[in-house]
> 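Let me begin by handing over the structure; questions about it come next.
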4 protein chains.
Amino acid sequence: MTTQRKPLSTTTRRNEVSRRAILTAAFELVQEVGYARLSIEGIAARAGVGKQTIYRWWPSKGAVLFDAFLMLSERPDGEGSALPDTGDLEADLKTVLRATIEELNDPRYDEPMRALNTEITHDPALAALYAERLDGPMRELKKQRLRSAQRAGQLAGGLNLDVAVDMLWGPLLNRWLQRSGALTPDYADSIVETALNGLRPRREGLRSLP
Amino acid sequence: MTTQRKPLSTTTRRNEVSRRAILTAAFELVQEVGYARLSIEGIAARAGVGKQTIYRWWPSKGAVLFDAFLMLSERPDGEGSALPDTGDLEADLKTVLRATIEELNDPRYDEPMRALNTEITHDPALAALYAERLDGPMRELKKQRLRSAQRAGQLAGGLNLDVAVDMLWGPLLNRWLQRSGALTPDYADSIVETALNGLRPRREGLRSLP
Amino acid sequence: MTTQRKPLSTTTRRNEVSRRAILTAAFELVQEVGYARLSIEGIAARAGVGKQTIYRWWPSKGAVLFDAFLMLSERPDGEGSALPDTGDLEADLKTVLRATIEELNDPRYDEPMRALNTEITHDPALAALYAERLDGPMRELKKQRLRSAQRAGQLAGGLNLDVAVDMLWGPLLNRWLQRSGALTPDYADSIVETALNGLRPRREGLRSLP
Amino acid sequence: MTTQRKPLSTTTRRNEVSRRAILTAAFELVQEVGYARLSIEGIAARAGVGKQTIYRWWPSKGAVLFDAFLMLSERPDGEGSALPDTGDLEADLKTVLRATIEELNDPRYDEPMRALNTEITHDPALAALYAERLDGPMRELKKQRLRSAQRAGQLAGGLNLDVAVDMLWGPLLNRWLQRSGALTPDYADSIVETALNGLRPRREGLRSLP
DNA sequence: CTTTAAGCGAGACGGTACGTCCGGTCTTCGT
DNA sequence: ACGAAGACCGGACGTACCGTCTCGCTTAAAG
């Protein structure tokens with residue numbers, strides 16, 4: 001896998017054009033034909049590349065897919081733009097979760113992301129890489145926003161932020177993966193509200209106390 | 001798929017022995033060799049059955065897997081035993097989530113369940129069946145427990161119970177599928193506590209008000 | 001290899017159409033593209049057959065080629081027609097050797113026969129089969145003609161007929177395989193004459209003695 | 001091919017060490033793994049040489065093999081030592097043919113020679129080169145011995161010596177290539193005797209005539 | 001005595017074919 | 001009539017080599 005590509009030892013004569021062609025082909029193919037019909041041969045053919053060039057640099061179909069996502073996620077120069085922070089945590093979270101839903105519902109990303117999830121679920125090594133390179137950075141942004149809210153006293157002090165992130169995005173992703181219900185903006189709102197307030201009853205009247 | 005097996009029209013000359021052998025073989029195979037190496041041929045060979053017998057009765061590998069789970073879930077006579085209801089919602093939920101975690105961590109179920117999830121995520125028809133026959137009944141039990149708590153005033157009145165269930169099990173399943181962290185009993189506890197109380201700070205002192 | 005095809009055990013459900021298509025395709029292909037470019041994939045494609053069907057029934061490319069020759073050689077119903085026997089041994093042998101030369105020079109047979117020879121030279125098992133099924137019967141016919149001549153007193157009494165056959169056909173085949181010279185009818189004649197008379201001088205005058 | 005190596009134009013900066021390493025590797029490899037598994041990559045690897053160095057100087061695998069034989073055959077300083085000439089043609093020929101048989105039966109030469117023959121049979125250009133550089137000189141030696149016998153009246157006057165050589169070595173080589181029988185010293189003797197005397201009966205008694 | 005250009009080891013590259021596995025379909029036989 | 005057995009066409013697997021193509025390095029020649 002192209003994990004340590006940056007240093008690129010002087011003796012590594014890797015063809016960058018082929019690399020990008022392969023990743024692009026993989027991403028496009030999986031979105032066109034679906035995960036089940038995604039084949040290394042197909043990727044090689046579409047990329048105009050020999051199969052060996054894929055096997056030389058990636059250990060599995062999932063690794064190719066992973067790098068394809070990595071390439072996409074690295075598009076922006078400044079890399080990670082922070083999550084919106086208007087001071088209104090609830091509104092900000094709803095914005096972000098609605099955006100997540102939109103992406104999951106986008107036919108351009110739906111199949112590829114399901115494919116990546118499938119590979120991750122069956123390959124711990126890939127999962128570790130995913131945690132480090134893709135999920136990790138994103139999760140850090142989310143935790144930053146939550147930390148900011150915590151400082152503003154909008155979140156419980158002892159809160160485990162990883163659990164908090166799971167509470168917000170877990171339900172969404174699970175509903176998407178298991179197709180256990182429609183992913184609507186309303187659902188995003190419900191998740192945010194319920195997560196913030198908790199399942200227990202809150203004494204609403206007390207909120208306005210001095 | 002064996003969806004309408006109950007009526008068993010008189011003309012259905014289906015061999016029940018073969019059926020069970022196939023489902024058992026499928027379940028055992030996937031747990032032994034993993035999802036990627038699970039093949040219809042392998043199932044047929046292990047079940048001592050012709051391939052055609054599988055193709056005759058199931059439309060896909062996922063459908064076989066699904067029926068295998070269905071068979072397992074129907075073992076108990078009384079079918080659906082309700083969730084524990086000691087009156088202490090938090091404790092009951094922790095018990096149940098810890099049990100869920102134990103099952104997901106059980107090597108006998110881990111691979112098969114990942115396989116089923118993979119099939120569901122890539123096959124809407126299977127997902128619908130899953131929602132109806134496997135997830136649905138289980139979700140109903142969960143909601144019953146929550147309704148009971150709601151009646152006891154332990155849950156917010158306007159609560160959408162489906163969202164509540166998602167809030168409790170979603171994070172767990174997502175962490176399991178994406179392998180984004182260890183599934184420990186502590187994690188289950190955290191989820192339950194955070195879900196019940198919400199992410200916002202609670203004025204603890206007020207709880208003791210009349 | 002299809003060595004014991006005749007009995008065709010009742011459980012062998014071999015597709016005769018595919019078999020003939022494969023053998024025909026192999027023969028035609030080798031004569032069109034040559035031995036070096038002859039591939040199992042090519043044969044399968046031209047025969048409209050899955051590769052596995054070839055690998056199921058033949059252990060090697062050479063074996064397919066061998067069976068292709070076998071099929072061709074079995075065309076005639078009565079199988080083995082004897083060699084011409086006009087009573088004039090020298091004339092008969094020249095006729096037969098000239099025919100052999102014509103066949104070797106025929107572009108339809110040249111490449112295929114070279115290919116078969118190559119396979120035989122590198123595969124003793126195939127060579128044994130060749131000796132038994134193709135070369136053997138032909139050699140028997142040749143020896144029959146020589147035996148007839150021997151009875152007529154036209155050949156030396158203690159002659160080893162296998163050596164005699166080698167003396168007649170060996171030079172020809174060797175010149176053809178090694179391309180060490182043109183295969184002309186005159187060459188056939190020279191071989192026959194020299195083989196019959198020997199390299200030593202004959203006292204011509206003594207021939208007319210009583 | 002290294003046909004005109006001797007003049008070695010002043011601009012040819014060819015590495016003689018690599019050249020010998022390649023030829024040696026080729027010869028050893030073919031005798032170890034056989035013709036079918038002989039690959040340019042394998043030769044390059046064993047010779048510790050880049051593939052390009054082979055492709056730069058030889059047009060084909062067969063050409064490398066040919067040069068390997070050429071290198072071996074050039075070992076002796078004086079190049080071509082004549083065939084034995086004791087005056088007894090029959091004995092001399094038996095000696096030489098027995099030596100030929102021994103070489104063909106030698107496992108060190110068997111596979112390589114079969115390989116070379118295979119390349120020759122499928123490549124006319126190589127065959128021409130073979131005729132000129134390897135077979136030619138050897139054949140000339142054989143013909144010299146026969147000419148000497150002819151002068152001594154031991155061979156027929158009008159004899160075509162090329163045919164004579166073919167009559168003696170053709171049967172041998174053909175039996176070897178087609179594996180149609182064991183190559184024993186007795187077989188060599190039979191060939192020599194039969195070739196010299198011819199297949200026809202000889203009036204033995206007349207030999208002692210004045 | 002530097003330049004400079006070739007030969008060289010190395011090995012990536014686009015390809016072709018290998019021999020195997022499996023997917024789905026179809027056919028034959030035995031129960 | 002069903003089911004086991006398995007042949008069949010086809011597609012993909014992961015590997016081995018093909019012949020071409022850079023890359024730096026070494027080395028001999030021409031300036």
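Any value given below was found using the heavy atoms of this structure, including those in side chains, with hydrogens, waters and symmetry copies removed. In what follows, every chain begins at residue 1, and chains take the letters A, B, ... in the order their sequences are listed.
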> For Y35(C), give me all partners under ring-ring contact (aromatic ring centres under 6.0 Å, His included), at least two apart in sequence or on another chain.
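With neighbours one apart ignored, the set is H122(D).
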> Applying salt bridge (charged side-chain N to carboxylate O under 4.0 Å, His left out), can you list everything that pairs with R114(D), at least two apart in sequence or on another chain?
D110(D)
> Hey, is the side chain of R56(B) poking within less than 4.0 Å of OP1 or OP2 on dC2(F), counting only N and O atoms?
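False: R56(B) side-chain N/O out of range (4.0 Å or more) of dC2(F) OP1/OP2.
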> Identify, between R37(C) and S18(A), the residue whose nearest nucleotide on DNA chain E lies closer to the 5' end.
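With R37(C) and S18(A) compared, the 5'-side residue is S18(A).
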> Nearest whole angstrom, please: distance from the C1' of dT28(E) to the CZ of R14(C).
17 Å
> Could you tell me how far apart I54(C) (CD1) and dC18(E) (C1') are, to the nearest whole angstrom?
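Rounding to the nearest Å, CD1 of I54(C) and C1' of dC18(E) are 12 Å apart.
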> Can you tell which of Y130(D), Y109(D), F27(D) makes a ring-ring contact (aromatic ring centres under 6.0 Å, His included) with F69(D)?
F27(D)
> Calculate the interatomic distance between R13(A) atom CZ and dT20(F) atom C1'; express it in whole Å.
14 Å
> Output every pair passing salt bridge (Lys or Arg N to Asp or Glu O under 4.0 Å) with a member in residues 39-53 of chain D, not counting sequence neighbours, ordered by first then second residue.
E28(D)-R46(D), E32(D)-R46(D), E41(D)-K51(D)
> Just the rounded figure in Å: distance from C1' of dC21(E) to CD1 of I43(B).
15 Å
> Can you work out whether N15(C) or A47(B) has the more 5'-proximal nearest nucleotide on DNA chain F?
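With N15(C) and A47(B) compared, the 5'-side residue is A47(B).
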> Output yes when at least one side-chain N/O atom of W57(A) is less than 4.0 Å from OP1 or OP2 of dA12(E), else no.
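Checking W57(A) against dA12(E): no side-chain N or O falls below 4.0 Å of OP1 or OP2.
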> Restricting to side-chain hydrogen bond (donor to acceptor under 3.5 Å, both in side chains), what partner residues turn up for N117(D), sequence neighbours left out?
Q178(C)
> Would you indicate, yes or no, if dA12(E) has its OP1 or OP2 atom less than 4.0 angstrom from a side-chain nitrogen or oxygen of T53(A)?
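So the side chain of T53(A) is outside the cut-off, no N or O lying under 4.0 Å from OP1 or OP2 of dA12(E).
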> Show me the protein contacts with nucleotides 13-16 of chain F, counting only N or O atoms at under 3.5 Å.
residue: dC13(F); atom: OP1; partner: I40(A); partner atom: N; Å: 2.8
residue: dC13(F); atom: OP2; partner: I40(A); partner atom: N; Å: 3.2
residue: dC13(F); atom: OP2; partner: E41(A); partner atom: N; Å: 2.8
residue: dG14(F); atom: OP2; partner: Y55(A); partner atom: OH; Å: 2.6
residue: dG14(F); atom: O5'; partner: Y55(A); partner atom: OH; Å: 3.4
residue: dG14(F); atom: N7; partner: K51(A); partner atom: NZ; Å: 3.0
residue: dG14(F); atom: O6; partner: K51(A); partner atom: NZ; Å: 2.6

> Holding to salt bridge (charged side-chain N to carboxylate O under 4.0 Å, His left out), I want the full list of residues that pass it with R108(B), two or more places apart in sequence or in another chain.
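Scan of R108(B) (salt bridge (charged side-chain N to carboxylate O under 4.0 Å, His left out), adjacent residues dropped) gives D106(B).
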